[in-house]
Amino acid sequence: MKTSNFPIFTQKDITSEAELISHKLMIKAGIVRQLTSGLYTWLPLGHRILEKIKMIIREEMNAIGSTEILMPLIQPAELWKESNRWEEYGPELLRINDRHKREFCFGPTFEEVITDLIRKEVSSYKQLPINLFQISTKFRDEIRPRFGVMRAREFIMKDSYSFHSSEQCLNETYKKYSSAYENIFKRLMLNYTIVEADSGNIGGNESHEFHVIADSGEDDLLLDESTQGMNVEIAKIKYGETDVQKIINENNLKHVKGIEVGHIFKLGDKYSSKMKAEITTKESEKINLLMGCYGIGVSRIVAAAIEQNNDEKGIIWPSSISPFDVALIEIDGHKDKLVRNFSAVVYQKMQDSNIDVIYDNRELKLGNKLNDWELMGIPKVLIIGPKETKNNIVTLKDRVKETKTELHVDNICDVILQR
RNA sequence: CGGGGUGUAGCGCAGCUUGGUAGCGCGGCUGGUUUGGGACCAGUAGGUCGUAGGUUCGAAUCCUAUCACCCCGACCA
């Protein structure tokens, strides 16, 4: 990719309205722009980050036998009335009418739609289990959107749904998702924890949340030495005590702040019973399907990752989700043909080795370019000027270690690929 | 919904108290000098001061209404 085809929207000054470091950096680095309250446009850089995260999620979903689908953003009211959530969900459910005055809503979650699909398509235990997921835009009309994409009204979420004929099968699948989620957050290189959670208005009887640990997190978590813990809602129920500080002291727990980036639920027959999603068992009995659902906040992960990985210069991407592996900076390439030609050769070499490289051929000074790519958090920067061109080398600068290394042109790809 | 704040050039802001030619920084464009960490000089373009009404000889400034955005509280991936 060349900057001539990949607009960079970095900016020096940002509005004082942004409070969180991740929100500030996402604006400065040109990842998102706000359209209006709770709604954001993802710029080219931001879109690439989202795609990297989605790819990791897809791979881990496929690895446990979950298959991708895509459901409509707009959902008919009838289904929500069946589950009783048309009333229960409240104003967070954004409702609209079509030209025939028929009622619809923007989907904040998809239990109704997927249950409707499965009840129509599945009638026998032989067709189970079924594991499906989608990565799509969700809409929740939040009371108060805030912190940029951290709490947006429109956001990108991966949601999975599983269907079973037995409790045992649901339990096994729930465990599979839990371990898949662990793999995902490990691959995202985030410091995370799993806690017991309250199932909220999604419902069901068991649930766990995945949190990225950050002081700016909105959730309060209580952890024990093994860092297996619970959120405060569960703690209050579990210990029969409303004074959180008392719970912490009496049970020797640690209090940390977390950003909820994943949530898995055992739904049981909550939706299948209300929506009459039945199957016939081996014994020719009709039973309600058992369900699980499993969410990951994709767009929120971008903000959470930045909360955990930044310095005074800007973002420092974990290598697995960096929008580019390396930025190639040419010094005054528009004035120096030799530099430009050599840069093009290096660029081509890296492309041939499938390295995600952004070639900065803008007419800017070296300092401008370096500052930009450091702000945007690219882990490695290659510099090519007259000196490098003359000696058939490049200078490699490491975002974190700040080291400068001269590499011969033949070794570039090997060193970059080593990570 | 209750409480607080902010809307002025592409971006970030000052001006408003005490009404009188609409400003600063960054960015843009032109020319020149620079050039290995956000260069300098000269010139230039760009604004119905959120919107509507009112007070006044005169309103960015005072009054009223309204809209938008942000912050604090009640809800949540």
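Note on naming: letters A, B, ... go to the chains in the order of the sequence lines (proteins, then strands), and numbering restarts at 1 for each one. Just so we're clear, the structure is a prediction, and the values are computed from it rather than from any experiment.
For K52(A) and D356(A), the salt-bridge test passes: some basic side-chain N is under 4.0 Å from an acidic carboxylate O. A salt bridge links K138(A) and D159(A); the closest N-O separation between the charged side-chain nitrogens and carboxylate oxygens is under 4.0 Å.
Within 4.0 Å (heavy atoms only), A152(A) reaches at least one base atom of the nucleic acid. Counting any heavy atom pair closer than 4.0 Å across all strands shown, G385(A) reaches a base atom. Within the nucleic acid shown, K138(A) has no heavy atom closer than 4.0 Å to any nucleic acid atom. Using a 4.0 Å heavy-atom criterion, one finds that Q34(A) contacts the sugar-phosphate atoms exclusively.
Across U8(B) and C13(B), the matching P atoms stand 9 Å from one another, rounded to whole Å. The C1' atoms of G73(B) and C26(B) are separated by 37 Å, rounded to the nearest whole Å. Rounded to whole Å, the C1' atom of U30(B) lies 28 Å from the corresponding atom of U21(B). For the C1' atoms, the distance from G10(B) to A45(B) is 12 Å, rounded to whole Å. Distance noted for atom C1' between C16(B) and G20(B): 14 Å (whole Å). Nucleotides U18(B) and C1(B) have their P atoms positioned 33 Å apart, rounded to a whole Å. Separation of the P atoms belonging to C62(B) and C49(B) is 15 Å when rounded to the nearest angstrom. For the C1' atom pair drawn from A22(B) and G31(B), the interatomic distance equals 29 Å after rounding to whole Å.
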From CA spacing to verdict: side chain to side chain donor-acceptor pair (under 3.5 Å), K266(A), N171(A): CA-CA 8 Å; K266(A) 285 184 196 171; N171(A) 291 342; 2.9 Å; yes
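Closest contact between the side chain of I143(A) and the listed nucleotides A77(B), C75(B), C69(B) involves C75(B). The R146(A) side chain lies nearest to C75(B) when the options are C75(B), G36(B), C69(B). When the nucleotides C70(B), G36(B), G25(B) are ranked by their closest atom to the side chain of D13(A), G25(B) comes out on top. The side chain of E142(A) sits closest to A77(B) out of G36(B), A77(B), G73(B). Ranking A77(B), G36(B), C26(B) by closeness to the K12(A) side chain, first place goes to C26(B). The nucleotide whose nearest atom lies closest to any side-chain atom of P386(A) is, among U35(B), A77(B), G36(B), G36(B). Side-chain atoms of E92(A) lie closest to C75(B) of the nucleotides C75(B), G36(B), A77(B).
C69(B): Watson-Crick or G-U partner is G5(B), with both key distances under 3.5 Å. Checking A42(B) for Watson-Crick or G-U wobble geometry (two distances, each under 3.5 Å) identifies U30(B) as its partner. Checking C13(B) for Watson-Crick or G-U wobble geometry (two distances, each under 3.5 Å) identifies G23(B) as its partner. Nucleotide U56(B) forms no Watson-Crick or G-U wobble pair with any nucleotide shown, as no partner meets the under 3.5 Å limit on both distances. Using the Watson-Crick or G-U wobble rule with both distances under 3.5 Å, U18(B) pairs with nothing in any strand shown. Base pairing analysis places U35(B) opposite nothing; no Watson-Crick or G-U wobble pair with both distances below 3.5 Å involves it.
Note: NE2 (H23(A)) to C1' (C69(B)) measures 12 Å, nearest angstrom. The distance from atom CG of L93(A) to atom C1' of C75(B) is 14 Å, rounded to the nearest whole Å. Rounded to whole Å, atom P of C71(B) lies 7 Å from atom CZ of F147(A). A straight line from CG of D332(A) to P of G38(B) spans 13 Å, rounded to a whole angstrom. Following rounding to the nearest Å, F342(A) (CZ) and G36(B) (P) show an atom-to-atom distance of 20 Å. Atom CG of N231(A) is separated from atom P of C76(B) by 11 Å (rounded to the nearest Å). Atom NZ in K28(A) sits about 11 Å away from atom C1' in G38(B), given to the nearest Å. As rounded to whole Å, 14 Å separates atom C1' of C76(B) from atom CG of D220(A).
Between T15(A) and C69(B) there is no side-chain N or O to OP1 or OP2 distance below 4.0 Å. Between R140(A) and the phosphate of A77(B), there is no side-chain N or O to OP1/OP2 separation shorter than 4.0 Å. Distances shorter than 4.0 Å separate none of the side-chain N or O atoms of K335(A) from OP1 or OP2 on U35(B). Residue R151(A) places no side-chain N or O under 4.0 Å from the OP1 or OP2 atom of A77(B). Within the 4.0 Å cut-off from OP1 or OP2 of A77(B), not a single side-chain nitrogen or oxygen of S299(A) is found.
Taking for each of I384(A) and I156(A) the nucleotide of RNA chain B with the nearest heavy atom, the 5'-most of the two is the partner of I384(A). With RNA chain B read from its 5' end, the first of the two nearest nucleotides for G295(A) and T36(A) is the one closest to T36(A).
Checked against ring pair (Phe, Tyr, Trp, His ring centres under 6.0 Å), Y239(A) has no partners two or more places apart in sequence or in another chain. In this structure F139(A) satisfies the ring pair (Phe, Tyr, Trp, His ring centres under 6.0 Å) test together with F106(A), sequence neighbours excluded.
Residue K81(A) qualifies as enclosed at atom NZ: its count of foreign heavy atoms under 6.0 Å is above 12.
Separation of the F210(A) and Y294(A) ring centroids does not fall under the 6.0 Å cut-off. A distance below 6.0 Å separates the ring centres of H263(A) and F265(A).
Proximity of F6(A) to F324(A): side-chain heavy atoms (C-beta onward) are separated by under 4.5 Å at one or more points.
If you check the side chains of H208(A) and Y174(A), you find a donor sitting under 3.5 Å from an acceptor.
Between the side chain of E388(A) and the base of G36(B), a donor-acceptor pair under 3.5 Å is found.
The stretch residues 362-375 of chain A touches RNA chain B through K365(A), L366(A), G367(A), N368(A), L370(A), N371(A), D372(A), E374(A), each having a heavy atom under 4.0 angstrom from the strand.
Here L364(A) contributes atom CG and T3(A) contributes atom OG1; the two are 8.5 Å apart, rounded to the nearest 0.5 Å.
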